[in-house]
Amino acid sequence: MNQDYIKPNKWSIIEEGFDASRVESSESLFSIGNGAMGQRANFEEKYSGSTFQGNYIAGVYYPDKTRVGWWKNGYPEYFAKVLNAPNWIGINVSVNGEQLDLFACKAVTDFKRELNMQEGWLSRSFTATLKNNTVIEVKTKRFLSLDTDELGVIKYEVTPVNCDANIVFQPYLDSGITNKDTNWDDKFWDTLKVSHENHQAFIQAKTMKTDFYTCTFMESRIFINGKFVLIEPNINADANYASFSYEHRVKQGEVYTIEKYGGYTVDRNHDKSELVSTAKKLLAMAIKTGFNQLLEKQKEAWLKIWERADITIEGDIKAQQGIRFNIFQLNQTYLGKDSRLNIGPKGFTGEKYGGSTYWDTEAYCLPFYMATKDEKVARSLLEYRYNHLEKAIENAEKLGFKNGAALFPMVTMNGEECHNEWEITFEEIHRNGAISFAIYNYYRYTGDYNYIVEKGLEVLIGIARFWQQRATFSKDKNLYVILGVTGPNEYENNVNNNWYTNYLAHWCINYTMENLEKIKTEYPSDFERIMNKVKLYEEELKAWKDVADKMYFPYSETHKVYLQQDGFLDKELTTVADLDKNERPINQKWSWDRILRSSYIKQADVLQGFYFFEDQFTVEELERHFDFYEPFTLHESSLSPCVHSIQAAKLDRMDQAYNFYMRTSRLDLEDYNHEVHEGLHITSMAGTWMSIVEGFGGMRIKEGKLAFTPKIPEQWEGYSFKLNFRNRILKVDVDQKQTNFEILHGDDLEIFINNERLLLKKKTLKRVN
Ligand code: BGC
């Protein structure tokens with residue numbers, strides 16, 4: 001049974017009623033972030049029930065020493081850990097001598113949480129009857145400022161309902177925190193100094209090994225019935241902790257409020273000697289501006305994001321909520337302001353997946369950022385990899401490759417591989433292909449060829465070199481094979497000739513050669529500069545070409561399909577329909593050995609290739625492959641349903657496309673894969689966006705122009721999306737009868753609709769039936 005407790009709502013995620021068994025799921029679902037930091041929706045006050053505490057600072061990680069039973073040469077030294085950062089949100093509350101703890105109350109009624117996605121804040125309200133019979137009403141609201149990356153704000157109100165009450169607010173900072181996920185139970189933070197003055201406190205701490213210096217800070221203000229009151233606090237501090245206690249006798253019905261301002265300053269952005277003084281400046285600004293004004297700015301900042309990125313769906317509230325949740329979470333995770341950062345699969349919502357960057361960024365996230373933000377955001381995602389090229393070459397050298405061959409990491413924080421399962425680190429080499437594909441995809445969409453000239457070609461060359469060296473010439477087949485790989489389907493390891501990987505290798509080499517030719521003729525001086533740097537000669541190019549021309553692709557004449565890998569047909573070909581629902585997800589219920597021998601597919605693999613290279617296959621071929629592989633596919637990776645949704649829409653199977661859409665867009669809200677308590681699936685959320693724009697909208701790039709084949713599920717009255725395309729903002733509005741195209745910004749634009757050319761005049765609306 002999937003979970004179903006989130007109330008359908010167009011703009012908010014809402015939970016009603018307190019249920020301790022849902023706390024960890026909700027902590028993920030109601031997470032907040034601003035691209036520079038983020039946090040799970042932990043309660044401010046003490047909570048003694050089951051909880052997963054998490055505050056995260058973008059780019060701050062720990063290289064946890066790899067733990068394996070048997071060391072294999074080539075293993076990375078460490079597995080990066082997304083670090084639980086010092087806690088600044090904590091506010092303990094005591095009422096008539098008893099600590100507020102929802103897990104220990106006599107009764108909790110009218111509990112409601114709301115994550116308002118339109119305005120970017122999280123709120124909570126409830127009435128609690130404490131063991132001492134005091135009844136209080138509590139209301140909280142908090143947000144992480146989009147305008148000021150390092151600042152967060154909390155308003156926490158308590159009203160005694162049945163008597164006067166002695167209430168103590170105890171806001172605190174705590175750096176004595178741990179990670180759930182550690183290899184050796186190491187301590188990750190070293191607290192350097194705890195200090196306080198007036199109503200402000202600071203904890204300076206650095207991460208062990210990586211030496212990220214941070215200052216966690218707070219300042220609080222107290223109000224009664226909305227009026228500021230000066231209460232002198234009691235101060236409590238030790239080696240990792242600082243708190244102030246604000247005590248007051250609150251009359252029955254009076255509202256006792258604390259506003260807490262806090263956050264982190266980090267030496268990635270400031271000199272480490274200035275972390276405290278910068279924090280003080282931020283606090284001064286925040287206090288002066290005040291909660292309400294900061295909230296207004298927050299609303300404005302989110303309004304700007306939504307103006308570009310919103311997708312509306314009429315007639316299906318759950319579908320609408322799903323897409324907005326996905327768009328919201330993507331923007332909470334990455335805004336493209338800092339080119340050193342990237343999009344972690346769990347964003348700021350959990351620790352799983354250690355590193356921040358996977359192939360997910362190139363294969364799934366890039367299209368979303370290209371179309372909903374300025375072009376430079378997508379470009380900086382590509383530059384992130386360019387900046388890691390040297391490390392990718394070193395990484396390949398460690399594995400025995402040479403001469404500038406580059407293997408980008410499967411998982412990384414800083415360009416180094418930081419994942420240590422051999423079947424992933426050594427074998428999931430397809431990530432190199434997604435990185436090349438993203439360069440192509442970026443150029444195809446933006447028309448910005450300069451990127452390839454300035455940076456992209458060097459990345460393509462490093463990757464082409466890798467493929468040529470990684471392929472083996474099989475005398476038996478008289479073709480090149482690629483042995484010992486893991487494809488996107490991680491339910492197979494160490495297979496030979498994964499079709500997707502072989503196809504990518506072949507494509508990458510050809511695409512690199514095409515660009516070499518183009519740059520040689522059209523940009524001769526750049527060509528010379530690049531050649532001097534990479535030292536690429538004719539002999540090597542011949543070797544590349546040989547590999548690309550003679551690549552082996554496993555194929556079944558019986559089924560007329562490319563085989564996912566050699567020997568796929570030797571499996572017992574049972575389908576998902578044959579599998580007892582109680583056995584799912586198999587990655588939680590079955591042994592690995594059993595998974596590997598089965599025919600079950602975790603995520604799109606051959607179909608991922610058909611998604612990237614759709615133009616190179618006919619619709620009949622797509623249909624045949626879809627029909628062959630989908631029945632074996634469990635979609636136990638969040639990245640899977642979106643690709644299937646897009647392809648089902650292309651094949652006019654609107655019901656299937658709709659079901660896959662709902663699955664991708666509500667994957668976390670309904671916890672399809674039974675793991676939402678660990679955090680959200682951020683990167684696949686970009687796939688949800690693609691399901692609408694590329695799936696139902698049928699958006700493609702054809703001859704450098706936008707092309708659409710709009711379709712609409714019967715469950716919807718209409719839907720609309722916007723695209724930022726080559727200095728235009730285009731709005732596409734589809735309903736059951738027609739599609740409207742409107743240029744909201746920029747010049748006339750020629751597009752294709754159902755394969756016919758159409759000139760859209762600026763600022764006019766064009767209806768197409
Ligand atoms: C998927 C990978 C993906 C990773 C992070 C895994 O479950 O199989 O393809 O890169 O999650 O999202």
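Starting from 1, each residue takes its place in the sequence as its number. Counting starts at 1 for both ligands and their atoms, in listed order.
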Under-4.0 Å salt bridge between [X] and [Y]:
X      : Y      : answer
Lys398 : Glu417 : no
Glu77  : Lys209 : no
Lys346 : Glu678 : no

Go through the steps to decide whether Leu330 and Ile682 satisfy the test side chain to side chain contact (heavy atoms under 4.5 Å, CB included), and finish with yes or no. CA-CA 6 Å; Leu330 282 162; Ile682 301 294; 4.0 Å; yes
Provide, line by line, the atom pairs where ligand 1 and the protein bring an N/O atom each to a distance under 3.5 Å; else say none.
residue, atom, partner, partner atom, Å
ligand 1, 7 (O), Tyr353, OH, 3.3
ligand 1, 7 (O), Lys602, NZ, 2.8
ligand 1, 8 (O), Glu490, OE1, 2.9
ligand 1, 8 (O), Lys602, NZ, 3.0
ligand 1, 8 (O), Gln603, OE1, 2.6
ligand 1, 9 (O), Trp359, NE1, 3.0
ligand 1, 9 (O), Gln603, NE2, 3.1
ligand 1, 10 (O), Trp359, NE1, 2.9
ligand 1, 10 (O), Asp360, OD1, 2.7
ligand 1, 11 (O), Tyr353, OH, 3.4
ligand 1, 12 (O), Asp360, OD2, 2.6

Please find out if less than 6.0 Å separates the ring center of Phe617 from that of Tyr503. yes
Going by heavy atoms in the side chains, are Thr210 and Phe188 under 4.5 Å from each other? no
